[in-house]
Amino acid sequence: MNTIETVCIIDDDPIFVYGAKRMIKEAGFCEEISVYENGSDALLGLKALDKNGQALPSVIFLDLNMPIMNGWDFLADFITLPAFDPEKTLIYVISSSVDPRDLIRIKDTKVISNYILKPLTAEDLENILSTEVQ
Amino acid sequence: MIKIPDKLETLSTNFLIKDSPAAVSIVDTKMRFISHSEVWLKTFNIKDDDIEGKSFYDILPNTPPELRQIHAKALKGEPDSSNGTKFVSEEGHIRWLKWKINPWKNVHGSIGGLIMVMEDITEEKRKEELLIKAKSVARIGGWECDLVTNTIYWTDMTKQIHEVDMDFVPTLESGINFYKPGEHREKITQLVSEGISEGKPWDAELQIITAKGRELWVRAKGETEIVNGKCLRLYGTFQDIDEKKKVELKYQELSDRMAIATNASEIGIWDYDLVNNNLVWDDHMYRIYGVDKTAFTGVVEAWESCVHPEDKDRCNEELEMALRGDKEFKTEFRVLWPGEEVRYIRAESVVKRDEYGNPVRMIGTNWDITKEKLAEKKLKDLLDISSEQNKSLLNFAHIVSHNLRSHSSNLSMLSGFLSKEQDEDEKHHLLSMLEDATESLNETVKHLNEVVKLKTGASEKLKPVNLYNTLKTVEKNLGLMLKDQEANCIIDVAEDIFVKAIPAYLDSIFLNLFTNSLKYRSEERPLVLEIRSKMQEERVEVSFKDNGLGIDLQRHGNQIFGMYKTFHKHPDAKGIGLFITKNQVESMNGKIRVSSEVGVGTTFLLEFESTKTNQNEYH
């Protein structure tokens, strides 16, 4: 099985983060996992990464409803980073939202690869991995 | 035949003729004037006052040929007379003459000339002709009843109106029997008998049934001639007024119907004579405007004093537009009834113009549409509320589904791990997380329950609540925390302001605002709170200002009152407070807005319905 270098989880729910990390590890999905509690922290962290000459994560799992800065606001800022390359960083939205307004917006946002409705499962991770390989 | 001496120049004869009151002239066999009366000259408008010896035809060249022939015949001994003969000249002039022409004989017994008495009756004849024509045009006939001989005379027109043959011979009884049986015949019988017994004249509009069976309206006028207290003669006119009467009746019917309609529908009618600047209202108008007719000297004054000041200019403008012909006058406006009651009026009107297109008259209707207006407004309010509620319900449904789903997915994930977990330590860890997740779920359900509770029928339970006391109580309850932070609290609110509120909500709203200010205070300066109030008609505006961290409204403006939105890193930030606050404010028909600047502070502007008294129950 192929693996992905780095995965970044942006979610304010510690239980979800625990579960996601554990499943990623069990699936042998990647080497390195970074976690941010909200959009604002993530933006700061990823910018710092870029500054240090490190590569942006290959996959980002992004939650929508977060305090301080939500997923949408994060995306708006993140895609303007010079280092951002939609070919190299795949963004997956992982949320509990079934609000049609969110679903439409996800569909209309090109940089979002796919939407995963919580809970995250091992199959979801396998699917992502197979897309990555192609 | 008159015998006159040969020479008529005797003074006495001449004198006699000269002063005769008739137009008399004497001529000889050659038609030369021998003598004439002064009246003759006047009658034939002869300027020459010395015509003796001059020829009749020279003086009167317009003598018609027919008359010349008569003269010639008379000179041969045939006298002639006429009571009125019409002559039409070649130029078409009509002349009526009346005459008596006799030859006179001289002492020798032969004809010496003519004595003529003539009269120009053109003027009288013209009047008579006109009268006859007028009578026929107006269809006025005459009648006469001689009570002594008991004979009745009808003129031709009277017969025509009755549609009888010209040789019809009426009697008093048959005349009366032409009247329509019932009230008409009874009325004429009464009038005629009163005329005979008391000499009272009459003038009545009644219906007859003609010989051909047609019903006809006539005007019957009667006069009486009384001699020695006894009525000898009745006479009068008889006029066909059927057309006029029918139009009149039709008009009466229409206006009666109109009156019934306007009475029933309470429509007021006004009529504005622009030429004489005179406005007339019917009684309904005064009722619609809620004013007493006698309280005003003029209608314009009444209108001016009733129309809502905010609508007056617009109405006048629309009136001007209608007069210019730009737009029809169809509008709505408000009037103020005595006691400040506002009524809604619908108005429509038409402009009448003269031949040059200038407006001369405006006629319009007004009617009260207050009931409809209020119903419409209520409906719109309901619609607004229900669409607002629908929107917030939908939002709520998504929030509920989102929150419950995130907990349930956590629970299922954790229990999945737990079932496979062998490591005891990790099992322990998972169990404590499971506990947290359950607790979160519980918390969420509690929040949702609070939200649901505040949605239902709050506006009926509003009571007057003293604003100042509420603020003071909340301040006291938070006293320790405020003291800890050395917060300065300025409450500048009049002590007699009462707002329509649910006391628990008002407490909760201010408690939340106070705690928010404490929670998100700036570490760089001591907290200062300023709470001020402002009365605005039936509303109270409360500003709640702090000098805390502030919120980036550019970024979060549309989310600040949303559920589960937090904008600061704070352990207690749950994102539920302002959501509930907003819903509590709105459930009491209030409003809440926010202005803020990052690093300077935040001001919440609240608006409540005010109430003047502190009565215990508010309805």
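Note that these values count all heavy atoms, side chains included, but never hydrogens, waters or copies made by symmetry. Below, chains carry the letters A, B, ... as their sequence lines are ordered, and counting in each starts from 1.
With a 4.5 Å cut-off on non-hydrogen atoms, M413(B) touches chain A through its side chain but not through its backbone. With a 4.5 angstrom heavy-atom cutoff, L434(B) does not touch chain A via any of its atoms. When heavy atoms are compared at a cutoff of 4.5 Å, S40(A) does not approach chain B at all. Both the backbone and the side chain of S406(B) come within contact range of chain A, judged by heavy atoms closer than 4.5 Å.
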Handout entry: Verdict with supporting geometry, K118(A) and N410(B), side chain to side chain contact (heavy atoms under 4.5 Å, CB included)
Key = CA-CA 8 Å; K118(A) 286 180 182 175; N410(B) 280 348; 5.8 Å; no

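Residue L480(B) places its CG atom among 12 or fewer non-hydrogen atoms of other residues, nucleotides or ligands, all under 6.0 Å distant.
Looking at residues two or more places apart in sequence or on another chain, you find a side chain to side chain donor-acceptor pair (under 3.5 Å) between D546(B) and S517(B).
Among residues 12-19 of chain A, the residues having any heavy atom closer than 4.5 Å to a heavy atom of chain B are, in sequence order, D13(A), I15(A), F16(A), Y18(A), G19(A).
Within the model, atoms CZ of R22(A) and CG of L430(B) stand 5.5 Å from one another, a figure rounded to the nearest 0.5 Å.
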